[in-house]
Asks: 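Handing you a structure now.
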Amino acid sequence: MPPFQPLPPRLNLPELEAQILSRWEGEKLFQRSLQQRRKGKPFVFYEGPPTANGLPGVHHILARSFKDCFLRYQEMLGRRVERRGGWDTHGLPVELEVERSLKIRAKPEIEEFGVEEFNRLCRNSVMEYIDEWERLTARIGFWLDLDHAYRTYDPSYIESVWWSLSQLYDQGWLYRGFRVAPYCPRCQTSLSSHELGQPGAYRDDVPDPGVTVRFRLVDDPLTSILAWTTTPWTLPGNLALAVGEQIAYVRVRQGEERLILARDRLSMLEGDYEVEEEFPGSRLLGLRYQRLFPYLPEQEAAWRVVSADFVSTEEGTGVVHTAGAYGEDDLRLCQEEGLEIRHTVGPDGRFLPFVSDFAGQFVKDADPAIEENLRSRGLLYRSETIHHTYPFCWRCETPLLYYALDSWFIRTTAVKERLLANNRAIHWVPSHLRDGRMGNWLETLQDWNLSRARYWGTPLPIWVCPDCQAERCIGSFAELSLPQGFDPHKPYIDEVTLTCDCGGVMRRVPEVIDCWYDSGAMPFAQWHYPFENRERFENEHPADYICEALDQTRGWFYTLLAESTMLFDEPAYRNVVVPSLVVDERGRKMSKSRGNVIDPWKLLSETGSDALRWWFYTTVKVGQEYRISARRVVDGGARFLNLLWNAQSFLVTYANLRGWEPGDAFSAPDHPLDRWILARLAQTVAEAREAMDRYDAHSACRAIQRLVEDTSTWYLRGSRVRLRPEAEHPEAAFSTLHRVLLDTCRLLAPFTPFTADAIYRELSPSGERASVHLEEYPEARPADDQLLREMEMVRRLTEEARARREAAGVPVRQPLPRATVRGAQLSSELAAVLAEEINVRDVRCVPAEGQASIELDFELTPELRQEGALRWLIRQVQNQRKTAGLRAGQPARLFLAASETLLEVAREGQEQLRRQCFITHVELGPAGAPVPSGYRHHSEARLEGELVGIGLELSDDHPPMQGEP
RNA sequence: CGGCCCGUAGCUCAGUUGGUGAGAGCGGGGCUCUUAUAAAGCUCAGGUCGUGGGUUCGAGUCCCACCGGGCCGACCA
């Protein structure tokens, strides 16, 4: 039995991964790895729950690759790394999926269909693709405990969420407010920002009317203030005009009338005008103007000029028409001014009956009629069409309205400073996100619109008494005396009533909450804290590490931070790694409509998981986008793994040929190449650990890649001779290469878990090393810097020498008498390495100024010529062996037909020829002689014009083993 | 309109705290080495390091402006 069980000579990643995977499952390796480190210090990871109602995509592999590598790394440092999976189960996307399947287009239809059944379908739908998720997670080697995954719809999870909301409520941080939100009048619900972020929500160059309207002053009807708006339908609801106190305004004369507008906006005027007076906006404050329409009830404070800080002179007239219910600024301003706000538009987007001239019309359709009305009364100064960006409902394409609604809010603005401080304590990768995208977001923080007038979600646990308006926020099921196994979802929870102190029957408010709050609650809700697992949660908060894609900045990263800050005043995570987006080869976003979406299973079957993972780690720094295609992944990922595979295959081939097997002790080798590659290893270990400790997988992998390249292209090249069957003392080279490959596997284990384990196991014939994933990460050791620098010099000189050979037209196989190195003093052992690499007899070092250089002496002696010819012959025979498909070690008979000179070379070098080419018998013939029929493999070659015939045939003799030719 | 990221050889990308003649891989041309390798090495294509300023003895590397590409935001969590 050979010491090593050879793996297939050619790397077929998908096949190999399938084998390793089933082996892991058979060995329960994941469980064993956890078991082995159960006493270690915990390294806490939070899994951001995906929604399993859609198929996983390539971008999920990206995030999961990064999640996995840091967890495996920490585990190899001896940490206990439990990774509990989770599923996000609530929310509008789930509802929409069900609506689609039921062919429901509008919200009222859900009520007709029945909320109980609707929610039952939602619950089923959300786990529809869970198998697919589990399969993909396993396929890419992401070790995640999905058997004990938490689900946000579990009653225990909901109870913890309720507890947290009651905490906020008690602090006064959960309140009901009348706020403006983007609203779809057809679906009859406000939309979350998440939905506004859907493709197609914002459209550019949408045409809309731009109207400039006269607001005549009560005391001077010939003078008007001009205001401009792109939403004429809000004009019936006008309550005030806003100006900036510091802004310069002018009064101009145009014909009989006088107009007031900002000085910087005079370009709005049509025709000639004469500026009569200029004054600051403060002079306009309090001026009363004639209301445009008579629908709203009279109120003292209305229809006056007021001051606002949001007025600009970028567009319009520098005067902002203010309708309370249809703009965020408008609403806030009207509230500050004590104006009573009343809707002129119903929840269906149509004018209410009291808006008599336009009653029942959809507001957007009424715009022309409103314009015409104003024109007929001489109030329309100017009308145009403008093009701007406008939001639409991404489901039904209805233009959204900004519409004031009653809603529940979390007063995140109250803890803004704490959010900023806690965010600053987080280590972001890439670092600019902390103060950039996340920091800016927090700076402009608004209160969190928590409630959703929908069905499938965590019910808002607030009960209200219709009689005395008393409110109660519930923080546990016990407070409601719910029976065991009660489903706290709608519609069941809506049946639960409480008795008010006043004797009234309290009922729950109808809303559910934003499902993003669910996911932000996972640090405590997954453990049913504080009802259970108190100690566990307290020990495992904040997490050491989380990782999700960039789109979670304002999503999960924010909700985690907001909730942990408000509940515990600390960040929920200490380190966060944020990979950027996956786009197609040309840098375009992947979308179904564009047809450039990559199927993850197809990609994995073409490239293999390790290749894909490696490509993710190495191709760009975290934070840059990933331009992906199968070709690129193969080029960047599979190529690297193949190089490693070849190195491993080389070791196994020759170790088996030689009968070498790893010994117990590893003693420090003497040969400079051995010492050099071990120094490179030590250097790489230090680099990789340092990079991984700051969550920089990219730098770690690049360092490992350089090591593997150096191993293959420099160490192995130079060490071949010492590993051949005829070599005299191969132990040092074998054990060094063996050591380097084993440690490379350990270095790679977090990144390419399949290949690393496959090679590691092969190189551990005794079997005591069950898996690289039960190993520790290599220890950093000091590296011999002096040697590293010197070898750098040797490599540079080698390149130079080869370039000089090429310029002179002398192949490397032709030995030369001498090389002269100027300006560098090489030690004798490194001079020997150099001599070997560039095939010269002697290397001399002479002092010189400036940069080191090398010169070659091309003078050939007959002996050198003969040696060159012999090497040429050997080369030809090896080539013939290769084309004949003979493996290293397989014995063969050789026939040579050549000139007497060359035949003499063959006779003299017969010993070498036999050994290196595994030749048992040599038969010689004169130049031009035909190759006898006994040699099935034959060819001809030319050396300096002279024809040489070569014949080769498999020999019946025993294969030469143990260096015996 | 605002914020952030990117803009280095034909393509994809590296370039730590500013410092000796600016790199790798892929593709292409030429050559070489070799039975681990459909591999690797060398070499060629002479890269205004997006543009224009500035700081400095010295900038791809710092500052400003502009241009181009991408992401996010644009009143909402």
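Letters go in sequence order (proteins before strands), and every chain restarts at 1.
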Asks: Check the phosphate of B:rA38 against A:R639, side-chain N and O only, distance under 4.0 Å to OP1 or OP2. Yes or no?
Replies: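 No, outside the criterion.
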
Asks: By the 4.0 Å heavy-atom rule, please label A:T653 as base, sugar-phosphate, or nothing.
Replies: nothing

Asks: Starting at CZ of A:R720 and ending at P of B:rG41, how long is that distance when rounded to a whole Å?
Replies: 12 Å

Asks: Heavy atoms only, 4.0 Å cut-off, all strands: where does A:V583 land among base, sugar-phosphate and nothing?
Replies: nothing

Asks: Can you tell me how far P of B:rC33 sits from CD of A:Q814, to the nearest Å?
Replies: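 So the CD-P distance, A:Q814 to B:rC33, works out to 10 Å.
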
Asks: Is there a Watson-Crick or G-U wobble partner for B:rC26 with both distances under 3.5 Å, and if so, which one is it?
Replies: B:rG10

Asks: Within 45 degrees of the ring normal and closer than 6.0 Å to the centroid, is that where the cationic atom of A:R658 sits relative to A:F734?
Replies: no

Asks: Work out how far the P atom of B:rA9 is from that of B:rG52, and round it to whole angstrom.
Replies: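 Pairwise P distance, B:rA9 against B:rG52, rounds to 16 Å.
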
Asks: Between the base of B:rU16 and the side chain of A:R694, is one N or O donor paired with an acceptor at under 3.5 angstrom?
Replies: no

Asks: Quick one: is B:rA40 close enough that its OP1 or OP2 comes under 4.0 Å of any side-chain N or O from A:R717?
Replies: no

Asks: Quote, to the nearest angstrom, the P distance that separates B:rC66 from B:rC26.
Replies: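 41 Å, rounded to whole Å.
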
Asks: Taking any heavy-atom pair under 4.0 Å as a contact, classify A:T412: base, sugar-phosphate, or nothing.
Replies: nothing

Asks: Please state whether the rings of A:W614 and A:F640 are parallel, tilted or perpendicular, taking 30° and 60° as the class boundaries.
Replies: parallel

Asks: Could you tell me whether the side chain of A:S699 and the main chain of A:D696 form a donor-acceptor pair under 3.5 Å?
Replies: no

Asks: B:rG3 P sits how many Å from A:W428 CH2, rounded?
Replies: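 Distance check: A:W428 CH2 to B:rG3 P gives 20 Å.
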
Asks: Work out how far the C1' atom of B:rA59 is from that of B:rU48, and round it to whole angstrom.
Replies: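 Pairwise C1' distance, B:rA59 against B:rU48, rounds to 15 Å.
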
Asks: If the cut-off is 4.0 Å, is A:R871 near the phosphate of B:rU34, judged by side-chain N/O to OP1 or OP2?
Replies: yes

Asks: In whole Å, what separates the P atom of B:rG58 from that of B:rG18?
Replies: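 Each nucleotide's P atom is 15 Å from the other's.
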
Asks: Can you tell me how far P in B:rG25 sits from the matching atom in B:rA39, rounded to whole Å?
Replies: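 Pairwise P distance, B:rG25 against B:rA39, rounds to 14 Å.
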
Asks: Between A:R627 and B:rU12, is there a contact of a side-chain N or O with OP1 or OP2 at under 4.0 Å?
Replies: yes

Asks: Looking at B:rC13, B:rG41, B:rC71, which one has an atom nearest to any side-chain atom of A:L581?
Replies: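 Of all the options, the side chain of A:L581 is nearest to B:rC71.
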
Asks: What integer distance in Å separates A:L716:CG from B:rU37:C1'?
Replies: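 For the pair A:L716 CG and B:rU37 C1', the rounded distance is 10 Å.
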
Asks: Reading RNA chain B from 5' onward, which residue's closest nucleotide shows up sooner: A:Y558 or A:L433?
Replies: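 Looking at RNA chain B, the more 5' nearest nucleotide goes with A:L433.
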
Asks: Just call it for A:A647: base, sugar-phosphate, or nothing, with non-hydrogen atoms closer than 4.0 Å on any strand.
Replies: base

Asks: Look at all strands and tell whether A:E625 reaches a base, only sugar-phosphate, or nothing, counting heavy atoms closer than 4.0 Å.
Replies: sugar-phosphate

Asks: What is the separation between atom CG on A:N656 and atom C1' on B:rA36, rounded to the nearest whole Å?
Replies: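 It is 13 Å, rounded to the nearest whole Å.
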
Asks: Rounded to whole Å, please give me the gap between CG in A:N440 and C1' in B:rC5.
Replies: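 It is 13 Å, rounded to the nearest whole Å.
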
Asks: Nearest to the A:L643 side chain among B:rA14, B:rC76, B:rA39, which nucleotide is it?
Replies: B:rA39

Asks: By nearest atom, which of the nucleotides B:rC71, B:rU12, B:rA14 is closest to the A:H698 side chain?
Replies: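 From the listed options, B:rA14 comes nearest.
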
Asks: Over 60° means perpendicular and under 30° means parallel, so tell me whether A:Y390 and A:Y402 are parallel, tilted or perpendicular.
Replies: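 Because their plane-to-plane angle is over 60°, the rings of A:Y390 and A:Y402 count as perpendicular.
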
Asks: Just call it for A:R434: base, sugar-phosphate, or nothing, with non-hydrogen atoms closer than 4.0 Å on any strand.
Replies: nothing

Asks: Using atom P of each nucleotide, how far apart are B:rC49 and B:rG41 to the nearest Å?
Replies: 28 Å

Asks: Please report the distance separating the P of B:rG50 from the corresponding atom of B:rU12, rounded so that it comes out in whole Å.
Replies: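 Their P atoms lie roughly 15 Å apart.
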
Asks: Round to the nearest Å and state the distance from A:L651 atom CG to B:rA36 atom C1'.
Replies: 10 Å

Asks: Within the structure shown, what part of the strands sits under 4.0 Å from A:D551 by heavy-atom distance: base, sugar-phosphate, or nothing?
Replies: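 Result for A:D551 = nothing.
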
Asks: When you measure from the side chain of A:E511 to the backbone of A:W408, do you find a donor-acceptor pair of N or O atoms at a distance under 3.5 Å?
Replies: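 Side chain of A:E511 to backbone of A:W408: no pair is present.
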
Asks: Pairing check on B:rC4: which nucleotide meets the Watson-Crick or G-U wobble criteria with it, both distances under 3.5 Å?
Replies: B:rG70

Asks: Using purine N1 to pyrimidine N3 plus N6-O4 or O6-N4 for Watson-Crick, or N1-O2 and O6-N3 for G-U wobble, each under 3.5 Å, what pairs with B:rU55?
Replies: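 When the pairing criteria are applied, nothing turns out to pair with B:rU55, so the answer is none.
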
Asks: Would you say A:K621 reaches B:rC5's phosphate, i.e. side-chain N/O to OP1/OP2 under 4.0 Å?
Replies: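 Indeed not, no polar side-chain atom of A:K621 lies that close.
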
Asks: What about A:R179, does its side chain sit under 3.5 Å from the base of B:rC76 through a donor-acceptor pair?
Replies: no

Asks: Sticking with atom P, work out how far B:rA45 lies from B:rG23, rounded to a whole angstrom.
Replies: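 Their P atoms lie roughly 13 Å apart.
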
Asks: Counting distance only, does the side-chain N/O of A:T565 pair as donor-acceptor with the main-chain N or O of A:A562 below 3.5 Å?
Replies: no

Asks: With a 3.5 Å limit on both atom pairs, tell me what B:rC76 is paired to, counting Watson-Crick and G-U wobble, or say none.
Replies: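 Pair assignment: B:rC76 / none.
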
Asks: Under the side-chain hydrogen bond (donor to acceptor under 3.5 Å, both in side chains) criterion, do A:D518 and A:T458 qualify, and how do the steps go?
Replies: CA-CA 8 Å; A:D518 289 349; A:T458 298; 3.0 Å; yes

Asks: Answer with base, sugar-phosphate or nothing: what part of the nucleic acid does A:S712 contact at a heavy-atom distance below 4.0 Å?
Replies: base

Asks: Could A:R702 and A:E687 be called an ion pair, given the rule that one side-chain N must be under 4.0 Å from one carboxylate O?
Replies: no

Asks: Measure the distance from CZ on A:R452 to C1' on B:rC76 and round it to the nearest whole Å.
Replies: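 From A:R452 CZ to B:rC76 C1': 10 Å.
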
Asks: B:rA14, OP1 or OP2 - any side-chain N/O from A:Q624 closer than 4.0 Å?
Replies: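 For B:rA14, OP1 or OP2 has a side-chain N or O of A:Q624 closer than 4.0 Å.
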
